[in-house]
Amino acid sequence: MYLEFQFQRELHKCLQEFDTTGWEWYCPNSWVPHCTLAMTQEDKEDAFYKASDLMLHEFRKMSGTFVSIGLVKISFPVEEIYSIELSNKKGDVVYD
């Protein structure tokens, strides 16, 4: 988990000149890795409870490697603004 927080701190430092009014929840030492559960008006009333129950009982720890990072505009459909591949060639840092 340490590397995720290190990555988030470094990313925040790189991007701070672009946004001086960011939400405090995304600042270093406040951010928590998470997965957002999105609900719509079309979902049945018990959809949240079913999804929560599934996550609590079926979720298994995952592992992986960051291979790219990108910036998207939250819209429908999501618009990719920029992305870059991460590499471990020549000593570049790849977060694992």
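Only a predicted model underlies this, so the values are computations on that prediction, with no experimental measurement involved. Numbers here simply count residues along the sequence, with the first being 1.
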>> Checking E42 now: which residues fulfil side chain to side chain donor-acceptor pair (under 3.5 Å) with it, not counting sequence neighbours?
In response: T40
> Taking only residues two or more places apart in sequence, or in another chain, which ones meet F76 in a side chain to side chain contact (heavy atoms under 4.5 Å, CB included)?
Replying inline: none
> Under 3.5 Å, is there a donor-acceptor pair between the side chain of H12 and the main chain of Q8?
Replying inline: no
>> S75: which residues meet the side chain to side chain contact (heavy atoms under 4.5 Å, CB included) condition with it, sequence neighbours left out?
In response: K73, E79
>> I'd like to check the side chain to side chain contact (heavy atoms under 4.5 Å, CB included) partners of L54; sequence neighbours left out, ordered by chain and number.
In response: E58
>> Among residues at least two apart in sequence or on other chains, which ones pass side chain to side chain contact (heavy atoms under 4.5 Å, CB included) with L15?
In response: L11, F18
>> Walk me through whether K13 and R9 qualify under side-chain contact (heavy atoms from CB on, under 4.5 Å).
In response: CA-CA 6 Å; K13 184 177 180 180; R9 281 192 300 275; over 6 Å; no
>> Please determine whether residues Y82 and L86 belong to a single hydrophobic cluster, defined as Ile, Leu, Val, Met, Phe, Trp and Tyr linked transitively by side-chain heavy-atom distances below 4.5 Å.
In response: yes
> For the residue pair H57 and R60, what are the closest heavy atoms and their distance?
Replying inline: O-NH1, 3.5 Å
> Partners of E80 by side chain to side chain donor-acceptor pair (under 3.5 Å), sequence neighbours excluded?
Replying inline: S83
> Considering all heavy atoms of both residues, which atom of V78 and which atom of V72 are nearest to each other, and what is their separation?
Replying inline: CG1-CB, 3.6 Å
>> Rounded at 0.5 Å granularity, tell me how far CG in D53 sits from CG in D46.
In response: 11.0 Å
